[in-house]
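Throughout, protein chains are lettered first and strands after them, A, B, ... in sequence-line order, and every chain is numbered starting at 1.
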Amino acid sequence: MEQKAEKQIQITLPDGASRSYGAGVTGLEIAEDISKSLAKAALAVTVDGVQRDLCDPIYADAALAVITLDSEEGLEIMRHTVAAQLLARAVKNLYPSAKLAIGPTIENGFYYDIEFESPLSTDDLEAIEKEMRKIKESGAPIIKSLNSKADTLAAFKERGETYKMDIVERAEQADDFQLYAQGETGFIDLCRGPHLPNLKHVGAFKLLKVAGAYWRGDSANAVLTRIYGTAWRNDKELNNYLHQLEEAEKRDHRKLGQQMDLYHFQEEAMGSVFWHPKGYVIYNALEQYIRRRVNDAGYKEVKTPQLIDNKLWVASGHWGKYRENMFVVPDEIPSTDDEGPVVSDKAFEKLMALKPMNCPAHVQIFNQGIKSYRDLPIRLAEFGCCHRNEAHGALHGLMRVRQMTQDDAHIFCREDQITEESVAFCELIKNVYADMGFEDVRVVLALRPEARAGSDEVWDKAEAGLQEALVKAGLEFEEEEGEGAFYGPKVEYHIRDAIGRSWQCGTLQLDFVLPERLDASYIGEDGAKHRPVMLHRAVLGTLERFIGILIESCAGKLPLWLAPVQCVVATVTDSADEYAREVFVMLKAAGIRAELDIRNEKINYKVREHSAEGKVPNLFVVGAREAEERTVAIRRLGSKDQSIENVERAIAALVQEAQPPF
RNA sequence: GCUGCUGUAGCUCAGUGGUAGAGCGCACCCUUGGUAAGGGUGAGGCCGAGAGUUCAAUUCUCUCCAGCAGCACCA
């Protein structure tokens with residue numbers, strides 16, 4: 001092959017083979033050297049693990065791998081090109097005054113943030129998509145160039161791309177700005193690359209939705225229009241993905257909650273749940289399960305007031321930092337006069353607030369009487385009902401509500417007990433999540449934020465303590481800088497919902513600040529007063545959110561111990577009504593949540609309704625035969641088969657199976 | 001809170017500048033049917049709230065409220 005320079009470099013391929021090339025050889029040339037078909041399929045390369053364009057020259061010995069569309073990396077590069085080249089250019093063609101901001105890839109797709117002169121709606125996507133196809137058909141080569149800061153700025157200034165100029169101006173580098181052009185079309189985009197060498201490699205894509213997003217993610221900045229899309233290797237993969245999205249929609253807890261008659265929301269109490277009888281069964285079963293768990297783990301359950309004078313919130317620091325998210329109530333008897341104001345101006349001199357958290361109240365219990373170091377740790381648990389005035393746009397079904405019940409607890413302990421208590425908590429949460437069948441749990445250790453209370457030594461100690469606990473519990477976790485609470489670092493347990501959105505459920509937070517602010521103390525071995533450390537912790541997080549995630553993760557088919565209706569006795573004809581009643585009574589007596597369906601409907605209809613709508617795990621079908629033989633025909637949810645079983649034995653088995661896991 | 005979209009029967013959704021329609025559900029009747037929709041009849045709506053344009057508004061415009069998607073927020 002042609003020698004680019006005298007100096008030779010060694011390129012190591014993934015199979016271990018080593019080849020020699022002149023310095024300055026490109027990834028494409030190497031791919032061509034390996035095989036023609038590989039060169040044709042090549043999208044980019046990795047050089048020592050770093051993604052590079054095919055046209056980038058290589059000057060030193062390196063390990064090289066060719067990226068094709070078969071790999072996840074290749075797919076991501078293709079998506080990136082669809083966003084930055086196809087979508088961006090299509091938008092500029094149709095809306096010349098649009099200003100491009102950024103267009104990264106995300107899981108399963110990509111987006112591009114763009115400023116438009118007039119609002120864009122979903123209906124406009126079709127035209128943009130059509131334009132994208134046109135551009136794709138052109139098969140234009142994508143040409144990369146490296147440019148100085150001045151040239152890059154000039155190029156974007158000419159095009160009125162003020163956001164791109166902002167990015168370049170803020171960049172630390174002096175030059176080597178990568179611009180990608182499409183042949184001679186005049187279109188350019190700034191990008192870290194790599195990109196496809198050619199638009200011909202683009203697979204199947206679809207634009208999905210538009211939404212607003214702040215420039216640089218800051219709500220003080222302008223809102224840009226974000227166009228979301230997805231791209232796949234071929235139509236089959238694309239359709240597969242779109243089908244998946246549809247399926248996920250069917251698992252949405254808001255939809256299932258209505259279908260299964262679990263709960264509802266309405267305007268007059270937005271963001272707060274009306275639990276229906278069936279939904280409240282789940283709620284109660286979960287609460288009782290956690291109650292048994294924390295009892296076993298040495299917690300004492302308490303109940304604290306809903307409405308507390310703001311003096312306490314001032315003292316705890318919530319009033320200063322968090323007031324805008326609290327519901328504040330004047331402590332005055334309201335006037336019944338239709339004309340005048342409901343409360344007087346004076347009423348605002350004494351304010352109360354609905355508690356947004358339980359911790360200050362738990363400190364009040366701790367503070368009653370004098371505590372000795374021998375008393376510690378003290379673990380106070382509460383199914384605390386809290387109110388938070390959340391931003392309206394944040395509300396989301398059961399996942400984000402304004403009134404929530406946490407399976408909250410606070411552990412007051414000595415500093416030397418932090419690790420032990422943290423390890424015990426990690427064990428507890430591991431067991432609970434295992435009982436619930438959650439495997440895809442992401443654990444995050446959130447470290448000190450910029451604005452924080454407490455000295456660096458205290459933070460060092462706190463972070464190390466949590467880290468040690470996580471390691472001891474054998475958990476894999478990610479560390480996130482700056483994400484901790486102002487009063488201490490925290491461990492967060494995130495679980496994904498049906499559509500892949502991640503929600504924080506369990507949490508463990510160390511707090512050295514609140515005991516100080518609320519003057520909690522214990523008498524140490526030395527006879528002197530000491531500050532206890534506070535561990536805030538929740539396993540499920542909030543019952544509301546956890547139930548939402550639970551419903552989505554099992555598509556409404558809850559495990560038997562949580563199922564609102566565990567068994568329906570359904571008759572084939574009314575000749576079995578009497579026997580069905582008898583079976584129903586037996587089930588109730590055995591503690592099974594049962595329903596009786598003796599409606600004048602066909603058995604097909606009943607089976608369909610209880611299965612598809614109610615997600616009832618067990619159907620006992622009874623007809624003349626069963627009444628005669630004192631049996632039931634058991635049909636399990638999701639099964640086509642049925643088994644005939646003696647009624648007493650069937651009920652005994654069901655009772656056995658319906659035992660909670662703890 | 002910000003941007004965009006949506007709001008019609010209990011639910012899912014059509015539709016129109018002259019105050020409304022379907023399917024499911026519900027009620028009643030027929031049907032007694034053996035494991036994912038048997039048939040008929042009927043009731044049911046201030047077309048999210050308020051204002052404006054118009055002879056006339058559920059329909060067009062504006063404001064508000066709520067929901068949805070995303071962003072920001074989540075002590």
Under 4.0 Å between any heavy atoms, over every strand shown, what does A:S219 touch: base, sugar-phosphate, or nothing? Just pick one. sugar-phosphate

Could you run through nucleotides 35-45 of chain B and give me one letter per nucleotide, 5' to 3': B if any protein heavy atom sits under 4.0 Å from the base, S if only the sugar-phosphate is that close, - if neither? BBBS-------

Value in whole Å for how far the P atom of B:G70 lies from CG of A:L207: 17 Å

Whole-Å C1' distance, B:A20 and B:A57: 14 Å

How long is the span from the CZ atom in A:F584 to the OG1 atom in A:T571, to the nearest 0.5 Å? 13.0 Å

How many Å lie between NE2 on A:H264 and C1' on B:A66, as a whole number? 13 Å

In whole Å, what separates the C1' atom of B:A51 from that of B:G15? 26 Å

Whether the side chain of A:Y214 and the base of B:G1 hold a donor-acceptor pair under 3.5 Å is what I'd like checked. yes

Spacing of the P atoms in B:C74 and B:U6 (rounded, Å): 31 Å

Looking at every strand, decide which applies to A:Y228 at a 4.0 Å heavy-atom threshold: base, sugar-phosphate, or nothing. sugar-phosphate

Heavy-atom donor-acceptor pair, A:R388 side chain to A:P356 backbone, under 3.5 Å: yes

Roughly how far, to the nearest 0.5 Å, is NZ of A:K278 from CE of A:M260? 8.5 Å

Considering only the C1' atoms, how many Å lie between B:U35 and B:U58, rounded to the nearest integer? 45 Å

If you check every side-chain atom of A:R625, which of B:A66, B:G34, B:C2 has the closest atom? B:G34

With a non-hydrogen cut-off below 4.0 angstrom, is A:A485 in contact with a base, only sugar-phosphate, or nothing? sugar-phosphate

Of A:V223 and A:D252, the one whose nearest nucleotide on RNA chain B sits closer to the 5' end is A:V223

Which value, in whole Å, describes the distance between the C1' atoms of nucleotides B:C47 and B:A37? 30 Å

Can you list, in residue-number order, the parts of residues 477-484 of chain A that come under 4.0 Å of RNA chain B, counting heavy atoms only? none

Students often mix this up, so state it plainly: with edges at 30° and 60°, are the rings of A:Y163 and A:W215 parallel, tilted or perpendicular? perpendicular

Flag if over 12 foreign heavy atoms under 6.0 Å of CD, A:Q266: yes

Separation of the P atoms in B:U61 and B:G44, to the nearest angstrom: 33 Å

When you check the phosphate oxygens OP1 and OP2 of B:U3, does a side-chain N or O of A:R226 lie under 4.0 Å from one of them? no

Base B:C73 to side chain A:R400, donor-acceptor N/O within 3.5 Å cut-off: yes

Tell me whether the count of non-hydrogen atoms from other residues, nucleotides or ligands lying under 6.0 Å of CD in A:E268 goes above 12. yes

Nucleic acid footprint by protein, nucleotides 4-10 of chain B - heavy-atom cut-off 4.0 Å, B for base, S for sugar-phosphate alone: S------

Classify the nucleic acid contact of A:K209 as base, sugar-phosphate or nothing, counting any heavy atom under 4.0 Å across all strands shown. sugar-phosphate

Let me know the distance between CZ of A:R599 and P of B:C28, rounded to the nearest Å. 13 Å

Would A:F366 and A:H410 count as a close aromatic pair, with their ring centres under 6.0 Å? no

Would you confirm whether A:E463, through its side chain, and A:L445, through its main-chain N or O, come within 3.5 Å as a donor-acceptor pair? no

Return the set of residues passing side-chain hydrogen bond (donor to acceptor under 3.5 Å, both in side chains) with A:N108 (not counting sequence neighbours), or none when no residue passes. none

Over 12 non-hydrogen atoms of neighbours within 6.0 angstrom of CD in A:E657: yes

Separation of B:C74 P from A:M357 CE (nearest whole Å): 12 Å

Indicate, with a heavy-atom threshold strictly under 4.0 Å, whether A:R636 touches base, sugar-phosphate, or nothing. nothing

CG of A:L125 to NZ of A:K206: how many Å apart, nearest 0.5 Å? 8.5 Å

Do any side-chain nitrogens or oxygens of A:R501 fall under 4.0 Å of OP1 or OP2 in B:A69? yes

Can you figure out which of B:C71, B:G34, B:C74 approaches the side chain of A:R388 most closely? B:C74

Closer than 4.0 angstrom, basic N to acidic O: yes or no for A:E609 and A:K606? no

Set out, line by line, the N/O atom pairs under 3.5 Å between protein and nucleotides 11-16 of chain B.
residue : atom : partner : partner atom : Å
B:C11   : O3'  : A:Q258  : OE1          : 3.3

Whole Å only: how far is the CZ atom of A:F274 from the C1' atom of B:A66? 14 Å

Between A:F546 and A:V539, is there a side-chain heavy-atom distance shorter than 4.5 Å? no

Separation between OG1 of A:T105 and OH of A:Y111, rounded to the nearest 0.5 Å: 9.5 Å

For RNA chain B, report each stem as range with range, ordered by first number, or say none. Use Watson-Crick or G-U wobble pairs under 3.5 Å, at least 3 in a row. B:1-7 with B:65-71, B:10-13 with B:21-24, B:26-30 with B:38-42, B:48-52 with B:60-64

Value for CD (A:E629) from CD (A:E645), rounded to nearest 0.5 Å, stands at 12.5 Å

Distance check, C1' atoms only: B:U59 and B:C46, in whole angstrom units. 15 Å

Looking across every strand, which nucleic acid part, if any, lies under 4.0 Å from A:G217 by heavy atom: base, sugar-phosphate, or nothing? sugar-phosphate

With the side chain counted from C-beta on, respond yes when A:H396 and A:R501 share a heavy-atom pair under 4.5 Å apart, and no when they do not. yes

OP1 or OP2 of B:A69 versus the side-chain N and O atoms of A:H396: is any pair under 4.0 Å? yes

Here the distance between atom C1' of B:G48 and atom CD of A:E268, to the nearest Å, is 11 Å

Between B:C68 (C1') and A:F265 (CZ): distance, integer Å: 14 Å

Pair A:Q364-A:T304, side chain to side chain donor-acceptor pair (under 3.5 Å): steps then yes or no: CA-CA 9 Å; A:Q364 304 313 302; A:T304 60; over 6 Å; no

Under a plain distance cut-off of 3.5 Å, with no hydrogens placed, do A:R630 and A:N646 share a side-chain donor-acceptor pair? no

Hey, is the main chain of A:A520 close enough, under 3.5 Å, to the side chain of A:R531 for a donor-acceptor pair? yes

Distance between C1' atoms of B:G39 and B:C64 (Å, rounded): 48 Å

Which whole-number value in Å describes the distance from A:E492 CD to B:C74 P? 11 Å

